[in-house]
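So the structure is just underneath, and the comments pick up after that.
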Amino acid sequence: MSVHETVKKVTTHVLFEMKVRGEKIAMLTAYDYSMAKILDRAGIDILLVGDSASNVMAGHHTTLPITLNEMIWHASSVVRAMQRALVVVDLPFGTYQGNSIEALSSAIRIMKETGAGAVKLEGGAEIRESVERILSAGIPVMGHLGLTPQSINKFGTYVVRATEESEANKLMEDARLLEKIGCFSIVLEKIPASLAKKVSAEVHIPIIGIGAGPHVDGQVLVTHDMLGITQDFSPRFLRRYHNLYDEISTAVKSYISDVRRLDFPNEKEQY
Ligand code: KIV
């Protein structure tokens with residue numbers, strides 16, 4: 001029987017086993033209790049409390065404004081729903097770059113106040129000290145390379161990354177480094193499929209792709225995008241499994257109409 005069918009609780013070790021056996025890892029984002037419960041019971045392996053909450057939940061244009069306290073609020077709501085999935089929480093912008101002591105205290109707050117299983121940080125060699133300090137406290141770290149949305153002001157655009165040889169080489173080196181210092185997994189966002197394939201073949205920790213092609217160890221999408229709740233974001237890599245925006249809108253219009261024509265509540269819906 002496959003690993004994902006037998007485990008009661010997904011751990012970093014389980015993910016490693018899945019990579020060794022060639023079993024693909026399924027990861028989605030979650031920011032609240034009710035959605036997290038549906039995703040967990042459906043059998044998702046990893047739930048990422050992504051700083052994409054800044055866009056999806058709070059309506060900001062970038063992931064930069066979300067605070068550590070807000071991430072902790074989202075993450076503790078998600079953890080309360082958890083039975084099986086591993087919960088990974090993004091360290092938000094400004095809580096780990098350039099100061100490894102602050103990075104450790106941010107990661108400790110997340111672990112202590114939410115009960116999550118791991119944290120995720122964007123970047124490679126430039127955040128090495130922060131990653132090492134967090135790891136030294138026994139906190140599992142997932143890396144994130146390629147398109148790193150917290151650096152949007154440096155790059156100025158969300159186009160595909162690492163198409164040039166020099167950037168591809170740096171990404172490869174960063175992936176090797178993150179593995180060497182002890183990260184348990186890496187997200188690769190929006191890079192050529194051929195490069196993601198190379199990284200996945202060379203490093204021994206699970207590589208999770210988003211817009212990184214099929215030759216990686218798992219996939220992640222933003223739940224609100226793949227369910228079609230958000231409509232204004234349609235990159236090539238996104239497969240929409242539903243059109244919940246329209247479904248919810250239709251249901252709400254029916255409700256409004258029922259209220260207006262005194263059809264709701266009816267005889268059976270009152271005391
Ligand atoms: O914040 C997020 O949702 C992410 C995923 C896109 C990987 O980092």
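Fair warning: this is a prediction, and the values are worked out from it, not measured in the lab. When a residue number appears, it is its place in the shown sequence, counting from 1. Whatever order the structure lists ligands and atoms in, that order sets their numbers, starting from 1.
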Carefully, step by step, assess Y31 and H224 under the rule ring-ring contact (aromatic ring centres under 6.0 Å, His included). CA-CA 10 Å; Y31 319 110; H224 288 65; 5.7 Å; yes
Can you say whether the rings of F233 and F237 are parallel (under 30°), tilted (30 to 60°) or perpendicular (over 60°)? perpendicular
Return the closest protein heavy atom for atom 3 (O) of ligand 1 as residue, atom name and distance. S52 OG, 2.5 Å
For ligand 1, indicate whether the residue D90 contacts it via side chain, backbone, both or neither (heavy-atom separation under 4.0 Å). side chain
More than 12 heavy atoms of other residues, nucleotides or ligands under 6.0 Å from NZ of K198: is that the case? no
Please confirm whether H144 comes under 4.0 Å of ligand 1, counting heavy atoms of the residue only. yes
At what distance is the nearest protein heavy atom to atom 5 (C) of ligand 1, and which residue and atom is it? L48 CD2, 3.7 Å
Step through the shown structure and confirm whether more than 12 heavy atoms of other residues, nucleotides or ligands are within 6.0 Å of OH on Y245. no
Side chain, backbone, both or neither: which applies to T29 and ligand 1 if a contact is any heavy-atom pair less than 4.0 Å apart? side chain
Is it true that R128 and S100 share a donor-acceptor pair across their side chains at a distance under 3.5 Å? no
Tell me whether the count of non-hydrogen atoms from other residues, nucleotides or ligands lying under 6.0 Å of CD in E165 goes above 12. no
Identity and distance of the protein heavy atom lying nearest atom 6 (C) of ligand 1: I210 CD1, 3.7 Å
Using a plain distance cutoff, I'd like to know if E189 has any nitrogen or oxygen under 3.5 Å from a nitrogen or oxygen of ligand 1. no
for atom 8 (O) of ligand 1, nearest protein heavy atom and its distance come out as K120 NZ, 2.9 Å
